[in-house]
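See below for the structure under consideration.
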Amino acid sequence: MKTRIAVAALALLAGTALGSPAWAKDKVIGLAVANLQADFFNQIKQSVEASAKEQGIKVVTVDAKGDSATQVSQIQDLITQQIDALIYIPAGATAASVPVKAAKAAGIPVVAVDRNPADAPGDTFIATDSVAAARTLGEYVCKVTGGKGNVAIVQGQLGTTPEQDRDKGFTEALAKCPDLKVVAKQASTMWMQDEGFNIAQDMLQRDPDISVFFGRADALALGAAQAVKVANLDHKTWIFGFDGDVAGLKAVQAGTLDATMTQTTQQMGRLALQSALELADGKTVPAEQLQAATLTTKDNVAGFIEKHP
C-alpha cells in the first residue's frame, strides 16, 4: 500500500516538474488554511502557491486564524466563487466535516491536508505518518534518557488527526520503556508557544521532578523549554518537539530542543496542489498519501535548516 502511494506521489510530483497540461490552466484552486501564524501551515501555503505560480494555476487562499466558524464561512464563500477543487486544512475538530460536506454537495473535490474529518474525509488525505513518526521519537527518547524518567506531554488540539496519531505512536514506544512514566498530560487549543509555556509551567509547579517534556508541536516544545529555563531546575530536563518548523530546527541546533521530527511540508504542499488538479480533472488519486518524517537532532539539523524538505 505504502509503495503504491509513494509511486503515485512521485508521479504527481513529476507532473508538476514537467508543467501542467493545458486543461489545468483554467482551474481555480481554493486553499483554506487553519492558521498562518503556525510555521507548519505557512510553509504548506507557500509551497502550494509557489507551485501554482510555476504552472500558471490560480489559487485563492483564506486563513481561518484558528477559528472553525470563520473557516466554515470562508469555504462557503470559496464555493460560491466556483473553485474547481479545495485544499483544506481544518482549523480544528469542531465543525471540521461541514466544509467537506458543503464542497462535495457542490461537486467540488477536497484534498484534506494534515487533518482529516473522520465523519467526512477528503477525497484524498495528505499528511505525515504521525503514528510511525511519534513512535520513532518515543524510541529515541527511551534511548537517550536511559529509559528512565518522569514524562510530561503538552498535547495539541484534542480531536485532531495529528494529536490522535502522535499520541498513539508515542504511547506505543513508551509501552516498551516502562520506567519512563507519564506523570502529566494537558491539551492546548491552538498549538502555540505561549500555551506551551503556561501548561509546562503549571506542570512543573505541581511536579518539579519532571525530566522529559514532549510538546506535540515545536511551538509547544519551545514554550516548555522556556518554562524549564524559568524554573531553574536542579536536573537535566529533556525537551522534544514535533514538526521541524524553522524555529524548532534552530532550537535543535542551539540545544534548546533535544530533537524534533521534521515533516516534509514543501513536498506536501506540491503534492496537495497536484492532487487537487488531478481530482478536478476527474482522475483518481490514493485515498491516503502518508509521508515520512525524519528524526532530527544536532547531527543532521543543518541540512534541514539550509533546505526544508
Side-chain angles (χ1 to χ4, degrees), residues 34-35 37-41 64 66-68 89-96 114-118 127-142 145 149-175 177 180-207 209-228 231 237-245 247-248 251 256-263 293 295:
N35 186 359
Q37 285 185 298
D39 182 69
F40 173 78
F41 298 137
D67 184 72
S68 293
I89 307 175
T94 305
D114 187 58
R115 307 168 180 185
N116 203 21
T128 294
D129 187 344
S130 285
V131 175
R135 187 188 304 118
T136 296
L137 181 63
E139 291 167 352
Y140 180 75
V141 172
C142 185
T145 60
N150 294 325
V151 181
I153 299 173
V154 185
Q155 299 168 284
Q157 193 174 24
L158 294 181
T160 59
T161 310
E163 168 54 35
Q164 292 172 333
D165 288 353
R166 290 169 199 180
D167 181 68
K168 184 175 188 295
F170 196 72
T171 299
E172 288 175 357
L174 262 58
C177 206
L180 272 178
K181 302 183 185 301
V182 177
V183 297
K185 183 185 285 190
Q186 186 174 331
S188 64
T189 58
M190 295 282 286
W191 306 77
M192 302 301 286
Q193 184 168 338
D194 58 344
E195 291 182 295
F197 173 77
N198 291 332
I199 291 170
Q201 192 171 53
D202 288 345
M203 288 175 168
L204 286 169
Q205 288 173 352
R206 292 192 299 269
D207 188 350
D209 292 329
I210 290 170
S211 57
V212 177
F213 272 103
F214 174 27
R216 297 272 210 238
D218 284 344
L220 296 173
L222 287 169
Q226 184 182 5
V228 168
T237 306
W238 300 84
I239 304 171
F240 303 94
F242 197 113
D243 279 342
D245 63 28
T256 305
L257 299 185
D258 293 290
T260 188
M261 296 300 298
T262 300
Q263 304 190 77
L295 176 65

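Predicted model, so just to flag it, every value in this text is computed and none were measured.
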Residues passing the ring-ring contact (aromatic ring centres under 6.0 Å, His included) test with Phe240, sequence neighbours excluded, are none
Sequence neighbours excluded, the answer for ring-ring contact (aromatic ring centres under 6.0 Å, His included) partners of Phe170 is Phe214
Closest approach of [X] and [Y], non-hydrogen atoms and distance?
{"X": "Ser68", "Y": "Thr94", "result": "OG-O, 3.0 Å"}
{"X": "Ile210", "Y": "Thr237", "result": "O-OG1, 3.8 Å"}
{"X": "Ala34", "Y": "Ala91", "result": "CB-CA, 3.7 Å"}
{"X": "Leu222", "Y": "Ala251", "result": "CD2-CB, 3.4 Å"}
{"X": "Gly156", "Y": "Ala187", "result": "O-CB, 3.7 Å"}
{"X": "Ala200", "Y": "Ala224", "result": "CB-CA, 3.6 Å"}

Can any side-chain N or O of [X] pair as donor or acceptor with the backbone N or O of [Y] at less than 3.5 Å?
{"X": "Arg115", "Y": "Pro90", "result": "yes"}
{"X": "Ser188", "Y": "Gln155", "result": "yes"}
{"X": "Asp207", "Y": "Met203", "result": "no"}

Quick note, side chain to side chain donor-acceptor pair (under 3.5 Å) partners involving residues 217-227, not counting sequence neighbours, are Asp218-Thr260
What distance separates [X] [atom1] from [Y] [atom2], expressed to the nearest 0.5 Å?
{"X": "Asn116", "Y": "Thr160", "atom1": "CG", "atom2": "OG1", "answer": "12.0 Å"}
{"X": "Leu174", "Y": "Glu139", "atom1": "CG", "atom2": "CD", "answer": "10.5 Å"}
{"X": "Thr171", "Y": "Arg135", "atom1": "OG1", "atom2": "CZ", "answer": "11.0 Å"}
{"X": "Thr128", "Y": "Asp114", "atom1": "OG1", "atom2": "CG", "answer": "7.0 Å"}
{"X": "Trp191", "Y": "Phe242", "atom1": "CH2", "atom2": "CZ", "answer": "9.0 Å"}
{"X": "Asp202", "Y": "Phe197", "atom1": "CG", "atom2": "CZ", "answer": "9.5 Å"}

Sorted by chain and number, sequence neighbours left out, salt bridge (Lys or Arg N to Asp or Glu O under 4.0 Å) with Asp258 holds for Lys236
Hits for side-chain contact (heavy atoms from CB on, under 4.5 Å) against Gln164, two or more places apart or cross-chain, chain-then-number order -> none
Here the salt bridge (charged side-chain N to carboxylate O under 4.0 Å, His left out) pairs for residues 154-171, sequence neighbours left out, are Glu163-Arg216, Arg166-Asp243, Asp167-Lys185, Asp167-Arg216, Lys168-Glu172
**OP:** Would you indicate whether Gln37, at its atom CD, is surrounded by more than 12 heavy atoms from other residues, nucleotides or ligands within a distance under 6.0 Å?
**Re:** no
- Message: When you compare the side chain of Val228 with that of Leu204, does any pair of heavy atoms fall below 4.5 Å?
- Response: yes
Quiz prompt | Residues Phe213, Val154; criterion side chain to side chain contact (heavy atoms under 4.5 Å, CB included); working and verdict | solution = CA-CA 7 Å; Phe213 272 103; Val154 185; 4.3 Å; yes
Exercise for review: Evaluate side chain to side chain contact (heavy atoms under 4.5 Å, CB included) for Lys181 paired with Val151, printing each intermediate quantity in order.
Suggested key: CA-CA 6 Å; Lys181 302 183 185 301; Val151 181; over 6 Å; no
